[in-house]
Participant: 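Structure below; questions to follow.
Model, not experiment: these values are computed from the prediction. Numbering of ligands and ligand atoms starts at 1, following listing order.
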Amino acid sequence: MAGLVTTFGAGAMTNAIGEIRDVDFLFVTGSNTTEAHPIIAMEMKRAVRRGATLVVADPRRIWLTGIADRHLQLHPGTDVWLLNAMAHTILEEGLTDKEFIAEHTEGFDALRRSLADYPAEAAEAVTGVPAEDIRWAARRYATTDKAGIYYTLGITEHTHGTDNVHALANLVLMTGHLGRPSTGLNPLRGQNNVQGANDAGASPIFLPGYQRADDPEVIARYERSWGVSLPTEPGLNLNEMMKEVGGRIRGLFVMGEDIVLSEPNVSRLEEGLNRIEFLVLQDIFLNETARYADVILPAAAFAEKEGTFTNSERRVQRVRRAVPPPGQARPDWQILLDLAARCGARWPLDTPAAIYAELVRDTPRFAGLSHERLEAEGGLQWPCPDPGHPGTPFLHEGGLLRGKGLFTPVPYRPSKELADEAYPLVLSTGRTLFHYNAATQTRREPGLHQKQPCAFVQIHPSDAGARGIAAGDTIEVSTRRGRIRATAELTREVKRGCIWMPLHFAEARANLLTNDAGDAVTGTAEYKVCAARVQRVPEVGEGRPPAAGPAR
Ligand SMILES: Nc1nc2c(c(=O)[nH]1)N[C@H]1C(S)=C(S)[C@@H](COP(=O)(O)OP(=O)(O)OC[C@H]3O[C@@H](n4cnc5c(=O)[nH]c(N)nc54)[C@H](O)[C@@H]3O)O[C@H]1N2
Ligand SMILES: Nc1nc2c(c(=O)[nH]1)N[C@H]1C(S)=C(S)[C@@H](COP(=O)(O)OP(=O)(O)OC[C@H]3O[C@@H](n4cnc5c(=O)[nH]c(N)nc54)[C@H](O)[C@@H]3O)O[C@H]1N2
Ligand SMILES: [Mo]
């Protein structure tokens, strides 16, 4: 989001999901789309069946690589090199959109100079991707009219995640693949309403609608509107907060997150949690973090409350109460309103519709949205500036929201922790089709549990063989931060030298292993790359000398 707001002026998918079926060239990078976004993947499959070209850039073989025209199987964390080399090719072969660059962008000369250092042939050595594949992909991207880019965490969960997004944005701007249907730069958002949460200002740097929290004009408007004085400095980001837990942070309010499963380098966080004075947990289940809670506020789940969800394509949709909440559970907004009242604030809000009206009042991009309209017309995509506006399927038509698209030179910086003698493998983590993030919800569901009952680690057969590991063995994975045990899955889906595991399992927490080094701009942790080693765990009794007489 940080990368997109600075380069384009809006942090969201530029185009709509329904447009994907008409795309003629799809570049999917760092997104295991069939498992994490099956509905969007369905549109991609539909496009490919129609004849579209698909290029997947991913260190692993994923389902989509099976139907891709090329799989750019880069070494983890080398995306900047790959993307810069694609841009270098486009420039060198004269395939840029000169008119678009002149009319709608700034900073192209600086980019041009920076790209000189990134020829495809040199990229091959760093990324492991053949130069010819890089050139082929670049050419096809630049010369296909309807070309779209789709990316997710393989791009963002790095210490250079924002750099990766800038490098992608450079490709889009230099080829003018923006502001038209079936093009653009499309981050596939994670949780069902993470887009809505960000839109509403759940961010340390933005007030609602991506209005900078340190912009004096914005601050003045909200101070007038809310009748309070606001801080002028941005807050801590998530990664910074987690590092301050037990230090500067003495109390924590955790709402809808299972931090001891999902935050990186979690043993350090747990030491902090043992020291803090007070932790409130507001959740629909007693998740793992509940162990540390002083107070638990039971919340109602999605089907037990009213409100809106905003999906990845900026579409705001109504969610409706289908069943009553169980026991003492109440909608999150009611709990928050009560807390505010106990603190002496009397917010004049009594329904989700009223809360929504308050949200859009000072946010020009959402000003035309209301519960009434969503009820009458169905989901609407922002920007939607007035009540007569039909919503916006794709962004930046006729010019960028930022005014001019900003080219950003991106020098390559390697991942923070690289494989070495002591920890010779690269560990990457992510998710699978059958479980959802911390699996607080999915592991309660017998069908899903049956499909995927326990923790596993993917390892290449030759790396396994070299360590005497067979399929199904219990192995220990360790990094400089911790170790876990899980079942070995031998597969050529991972490259030699790489291992991969899901974050879902509380009994084998990937995040005991991960590095909490954060992205330079956003703090997002490097969940996708850290150095690790594995060894087979002997069976009980195995390898012990046969019982003999009394010890000497
Ligand atoms: N079933 C299911 N669906 C989900 C979720 C879930 O837990 N379960 N979670 C939701 C959430 S919150 C999110 S954010 C999304 C995430 O959706 P994704 O980002 O698609 O999920 P990940 O498994 O993290 O996988 C990212 C992909 O990036 C690749 N990758 C790893 N390192 C690199 C790299 O250095 N470069 C490149 N180019 N690629 C790399 C991985 O091999 C993997 O294929 O999924 C959402 N959907
Ligand atoms: N190693 C590794 N770690 C990762 C990642 C990775 O790829 N690798 N991915 C990261 C990403 S992208 C994400 S999004 C996070 C996800 O990490 P979390 O956000 O911690 O995981 P979720 O399972 O989405 O958990 C959400 C919590 O919300 C609760 N909940 C569900 N609905 C409601 C509700 O309506 N109200 C309230 N109050 N609570 C509710 C659930 O019971 C659960 O406890 O993990 C991050 N951590
Ligand atoms: Mo996510």
Side-chain angles (χ1 to χ4, degrees), residues 28-38 40-41 56-65 72-80 82-83 127 150-158 160-161 164 187-194 238 254-266 281-290 297-305 307 312 319 325 329 331-332 335 415 426-444 448 493-495 498 500-504 509-515 524-530:
V28 177
T29 180
S31 160
N32 184 6
T33 328
T34 56
E35 297 202 50
H37 296 90
I40 293 177
V56 175
D58 199 299
R60 287 191 307 155
R61 274 190 217 161
I62 54 174
W63 192 92
L64 278 182
T65 56
L72 313 182
Q73 196 170 9
L74 74 172
H75 298 313
T78 61
D79 295 83
V80 162
L82 177 74
L83 300 169
T127 62
Y150 308 86
Y151 70 90
T152 316
L153 303 179
I155 284 296
T156 55
E157 285 182 346
H158 294 278
H160 50 262
N164 286 344
L188 312 178
R189 302 307 297 260
Q191 290 153 317
N192 59 331
N193 196 32
V194 66
L238 181 59
V254 180
M255 177 171 155
E257 198 176 337
D258 198 355
I259 52 174
V260 304
L261 255 150
S262 53
E263 289 306 311
N265 190 9
V266 76
L281 182 80
Q282 183 167 320
D283 206 282
I284 63 172
F285 288 121
L286 279 179
N287 62 20
E288 296 294 318
T289 307
L297 303 173
F302 72 97
E304 298 161 353
K305 59 190 173 195
S312 201
V319 55
D332 290 289
I335 300 172
S415 309
V426 175
L427 167 69
S428 188
T429 62
R431 61 250 318 122
T432 70
L433 180 64
F434 297 111
H435 286 298
Y436 193 78
N437 292 342
T440 313
Q441 298 161 94
T442 45
R443 286 191 97 186
R444 288 182 158 76
L448 297 173
E493 284 173 17
V494 289
K495 283 160 85 92
C498 294
W500 186 91
M501 68 178 294
L503 78 137
H504 307 307
R509 286 183 289 168
N511 283 323
L512 285 168
L513 304 171
T514 50
N515 191 351
T524 299
E526 196 138 64
Y527 291 118
K528 297 303 187 231
V529 176
C530 70

Participant: Who are the side chain to side chain donor-acceptor pair (under 3.5 Å) partners of Q73, not counting sequence neighbours?
Facilitator: none
Participant: If we only count heavy atoms from C-beta on, is the S428 to W500 side-chain gap below 4.5 Å?
Facilitator: yes
Participant: Using a 3.5 Å cut-off on N or O atoms only, is T29 in polar contact with ligand 1?
Facilitator: yes
Participant: Measure the shortest side-chain to side-chain distance between T524 and L153 over non-hydrogen atoms and say whether it is less than 4.5 angstrom.
Facilitator: no
Participant: Distance check, rounded to the nearest 0.5 Å: T29 atom OG1 versus L74 atom CG?
Facilitator: 6.5 Å
Participant: Closer than 4.0 Å to some heavy atom of A57 - which atoms of ligand 1 meet that?
Facilitator: 38 (N)
Participant: Just which atoms of ligand 1 are under 4.0 Å from any heavy atom in G77?
Facilitator: 34 (C), 35 (O)
Participant: Side-chain contact, heavy-atom cut-off 4.5 Å: T514 with E526?
Facilitator: no
Participant: Do E35 and I62 have side chains that approach each other closer than 4.5 Å (heavy atoms only, starting at C-beta)?
Facilitator: no
Participant: Output the list of atoms in ligand 1 that are nearer than 4.0 Å to some heavy atom of L433, sorted by atom number.
Facilitator: 1 (N)
Participant: Which residues satisfy the side chain to side chain donor-acceptor pair (under 3.5 Å) test with E288, sequence neighbours excluded?
Facilitator: R291
Participant: Within the structure, is a non-hydrogen atom of N164 found at a distance of less than 4.0 Å from ligand 1?
Facilitator: no
Participant: What atoms of ligand 1 come closer than 4.0 angstrom to any heavy atom of P76?
Facilitator: 35 (O)
Participant: In this structure, does ligand 1 have an atom that sits under 4.0 Å from one of the heavy atoms of H158?
Facilitator: yes
Participant: Are any of the side-chain heavy atoms of R443 and H504 separated by less than 4.5 Å?
Facilitator: no
Participant: Would you please write out the protein residues whose heavy atoms approach any atom of ligand 2 to under 4.0 angstrom, listed by chain and number?
Facilitator: L153, E157, Q191, G256, E257, D258, S262, Q282, D283, I284, F285, N287, A299, A300, K305, D332, T429, G430, R431, Y436, N437, A438, T440, Q441, L503, N511, T514, Y527, K528
Participant: Taking salt bridge (charged side-chain N to carboxylate O under 4.0 Å, His left out) as the definition, give me every residue that meets it alongside D332, ordered by chain and number, with sequence neighbours left out.
Facilitator: K305
Participant: Report yes if the side chains of P76 and K528 come closer than 4.5 Å at any heavy-atom pair, otherwise no.
Facilitator: no
Participant: Heavy-atom contacts with I62 under 4.0 Å: which atoms of ligand 1 show up? List them by number with element.
Facilitator: 44 (O)
Participant: Counting from 1, what ligand 1 atoms have a heavy atom of E35 closer than 4.0 Å?
Facilitator: 1 (N), 2 (C), 3 (N)
Participant: Roughly how far apart are D58 CG and T65 OG1, rounded to 0.5 Å?
Facilitator: 7.5 Å
Participant: Using a strict 4.0 Å cut-off to heavy atoms of T432, name the atoms of ligand 1 that fall inside it.
Facilitator: 1 (N), 2 (C), 8 (N)
Participant: Relative to the heavy atoms of H37, which atoms of ligand 1 are at a distance of less than 4.0 Å?
Facilitator: 15 (C), 17 (O), 45 (O)
